[in-house]
Visitor: 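Handing you this structure, nothing more for now.
The sequence lines fix the lettering, A, B, ..., with proteins before strands; numbering per chain opens at 1. Hydrogens, waters and symmetry mates are skipped; everything else that's a heavy atom, side chains included, is used.
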2 protein chains.
Amino acid sequence: MIPTMHDVARAAGVSIKTVSNVINDFPHVRPSTRMRVLSAIEELGYRPNLSARGLRSGRTGVIGLAVPELRQNYFAELADSVIRAAEKHDLGVLVEQTSGDRDREIAVVTGAGRLRLTDGLLFSPERLGQADRHLIRPTFPFVLLGERIFGGPTDHVTMHNVSSAKAAVDHLLQIGRRRIALIGAHPDQREDVRPADLRVRGYKAALEAAGIPLDPQLIRAVAPWHRENGAEAMRELIASGIPFDGLFALNDTLALGALRALGEAGWQVPGDVAVIGFDDIDEARFSVPSLSSVDPGRDEIAETAVELLVERINEKDGDPLPPLLVKSEFRIVARESTGFGRPG
Amino acid sequence: MIPTMHDVARAAGVSIKTVSNVINDFPHVRPSTRMRVLSAIEELGYRPNLSARGLRSGRTGVIGLAVPELRQNYFAELADSVIRAAEKHDLGVLVEQTSGDRDREIAVVTGAGRLRLTDGLLFSPERLGQADRHLIRPTFPFVLLGERIFGGPTDHVTMHNVSSAKAAVDHLLQIGRRRIALIGAHPDQREDVRPADLRVRGYKAALEAAGIPLDPQLIRAVAPWHRENGAEAMRELIASGIPFDGLFALNDTLALGALRALGEAGWQVPGDVAVIGFDDIDEARFSVPSLSSVDPGRDEIAETAVELLVERINEKDGDPLPPLLVKSEFRIVARESTGFGRPG
DNA sequence: CTGAAAGCGCTAACAT
DNA sequence: ATGTTAGCGCTTTCAG
């Protein structure tokens, strides 16, 4: 049988309350008593029952993280960062995959499913958009990650999509590229707040600031942002015969797919085409050539998100702060694909 | 206030037991009563408190998954598969990262920490080895993943390391390679049961069967199996001037690093060197050139592991089955790096 | 078919 | 400084 506090109390010859005091590091316990209790715990192999504790305290010590899927590098690295950040607050992380499925995303935000065992939720939507922000129940501690939904009733941690995308294109302009293609735009063209839309906006702003006319043929829609689709888009662009000497891929996965297609076609990078991606996933440092990218501050995003969530969890029910929008710092990481040095 | 079963019962004008019956899909509830309860649940936005349920039932509906780190592709993909498999059993997955830290691995297997909130644990060790198998408490449902520990007191799901490694080298031999280098051997040379050791054994077996003498200079120790270390080992091998026309990298990450180093040095793959990796991570399909690999059956491993764990969780305390060792099926995936067709 | 009541293991008042 | 006790919200006998 699994030992309980009662068993420990009996073994140590004290009351259950004293055991509780020792476990929770309360003051007012005589050292000798404490020792007796600790050795009883050791001896019986006692572990607190976290369900009971959770029932009593209203806290489980676990937060949920809902992402599309971990096989996508960006989300694996995000989950890694989130788990590390949560650890600092002594929180476990229950990971849920939505597989980019709208119904599952709805289930997650409406609090169905398993996530009731958690004290709060970090949610990175892939299908839910601006129009769905009413679905989010502001009653449960909740932090939104990414850029698909703005102005919701909850905290929101995201990146400077427009300005960092502009900086990426500026980087290509600085090294003398003038015909800069973009892959990863959203297939439907309406302006919106999705990452693709925001990054396209940054692209246009950079060109405009440089006085370069926009060539719509250089903007290629790709969805979803998978490697094979990046490769495919690049093959099409090459086949089209439209000249270009720079490429801004809206994420690194697309960029790596594009590198592959460029390689197949015998194009030199950065000689014929300079390439920059977005996300700065680990892999970017080790492709051939290594890939320049935008580091969106993933660790900072994860840490900020967890901190905000913890604050919301600890918030007294009385005085809720208004929803916060935080944007992380970004930086351009120049590597071989735009003519800079060895991996690093 | 968060509604409880009492609130629902009151709203529906029934007893708490009836609410429980409805929620748990018990028979013997009159349809009209059921409807009344369901609409009360809907109206109040009631969600069962999983801590209370867990306390009562002794089950949390959550299993733990402890891996070194999710930024390593293999583990991200494994976690992805495990989460999907757990879902089928209606289980959540709490992911813990050990960062390849021995003390944290010990904490995990000895049941310290957060994982007490879980019904069972899947553990993929990186530092604990054969000598540590006594640490594993057989009292908690537990399934071991990978190859570092054999003969422990628990179920164990792994792959056919020796024979699949042999098959990988056979593949290189079949396309005519004779000077086959290996990167990723363990720095200390004693024979053991670590994946590196088992795969080296397969390599040797393949050469021996083909009547090719072993050249120890072609076996390169690399640890840990990170991309940069694969690149570094390959640079060293190239610099050494030792001739070779084939490469078996003990995992894909090493292989991708090696591809990068070969590219830098201007070597053709597969022309000058044919390369095969191990793990068949998603990325292998999209490198330049695409990477041949050993698919160790990751989905099968995940599903089997979760199923075994579920069985252990459900096992009556009375009649424990002896520990099971399961090995998944593997297959060789031939791609461009060994002279085969386009990605796929 | 439905209700009443006990108790899972823990924490926090309150009492000593 | 330590003991007693009442729940947290749920499931589960046991009655009705």
Visitor: May I have the distance from A:Leu117 (atom CG) to D:dG9 (atom P), rounded to whole angstrom?
Guide: 15 Å

Visitor: At under 4.0 Å, does any side-chain N or O of A:Thr18 touch on OP1 or OP2 of D:dT2?
Guide: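 Looking at the OP1 and OP2 atoms of D:dT2, neither is under 4.0 Å from any side-chain N or O of A:Thr18.
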
Visitor: Between atom CD1 in B:Ile2 and atom P in D:dG9, what is the gap in whole Å?
Guide: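 Taking atom P of D:dG9 as the reference, CD1 of B:Ile2 is at 9 Å.
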
Visitor: If you round to the nearest 0.5 Å, how far is CG of B:Leu50 from OG1 of A:Thr118?
Guide: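 It comes to 9.0 Å.
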
Visitor: Look at the side chain of B:Asn24 and decide which nucleotide, out of D:dT11, D:dC10, C:dG9, has an atom nearest to it.
Guide: D:dT11

Visitor: Tell me, please, which residues at least two apart from B:Ser39 pass side-chain hydrogen bond (donor to acceptor under 3.5 Å, both in side chains).
Guide: none

Visitor: Please state whether the phosphate of C:dG9, meaning OP1 or OP2, lies under 4.0 angstrom from any side-chain nitrogen or oxygen of A:Thr4.
Guide: no

Visitor: When you measure from the side chain of A:Leu55, which nucleotide among C:dT11, D:dT12, D:dG9 comes out closest?
Guide: D:dG9

Visitor: Under 4.0 Å between a side-chain N or O of A:Arg30 and OP1 or OP2 of D:dA1?
Guide: no

Visitor: Taking atom C1' of C:dC10 as reference, at what distance in whole Å does atom CD1 of A:Ile41 sit?
Guide: 13 Å

Visitor: State which of D:dC10, D:dT12, C:dC10 makes the closest approach to the side chain of B:Ser20.
Guide: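 Side chain of B:Ser20 sits closest to D:dT12.
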
Visitor: Figure out the CE/P separation between B:Met5 and D:dT12, and round it to whole Å.
Guide: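 Interatomic distance, CE of B:Met5 to P of D:dT12: 11 Å.
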
Visitor: By the 4.0 Å heavy-atom rule, please label B:Ser57 as base, sugar-phosphate, or nothing.
Guide: nothing

Visitor: Without decimals, in angstroms, what is the distance between B:Arg56 CZ and D:dG9 C1'?
Guide: 11 Å

Visitor: Distance check needed: C:dG9 P versus A:Leu44 CG, whole Å only.
Guide: 14 Å

Visitor: Is a donor from one side chain sitting under 3.5 angstrom from an acceptor on the other, for A:Ser99 and B:Arg84?
Guide: yes

Visitor: Could you please name the option among C:dG9, C:dG3, D:dG3 that lies closest to any side-chain atom of B:Val14?
Guide: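 From the listed options, C:dG3 comes nearest.
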
Visitor: If you check the A:Lys17 side chain, which of D:dT4, C:dG3, D:dC8 turns out closest?
Guide: D:dT4

Visitor: Below the 4.0 Å mark, does C:dC8 have OP1 or OP2 next to a side-chain nitrogen or oxygen of A:Ser51?
Guide: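 Answer is no, no contact under 4.0 Å.
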
Visitor: How close or far is atom C1' of D:dT2 from atom CD1 of A:Ile23, stated in whole angstroms?
Guide: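 In whole Å, D:dT2 C1' lies 15 Å from A:Ile23 CD1.
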
Visitor: Between P on C:dG7 and CG on A:Asn49, what's the gap in Å once rounded to a whole number?
Guide: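 Those two atoms, CG and P, are 18 Å apart.
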
Visitor: To the nearest 0.5 Å, how far apart are CG in A:Leu128 and CD1 in A:Ile136?
Guide: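 Taking CG in A:Leu128 and CD1 in A:Ile136, the distance rounds to 7.5 Å.
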
Visitor: Only one of B:Thr154, B:Asp155, B:Asp119 clears side-chain contact (heavy atoms from CB on, under 4.5 Å) with B:Arg312; which?
Guide: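 The single option meeting the side-chain contact (heavy atoms from CB on, under 4.5 Å) with B:Arg312 is B:Asp155.
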
Visitor: Any idea which of D:dT2, D:dT11, D:dT5 is nearest the A:Ile16 side chain?
Guide: D:dT5

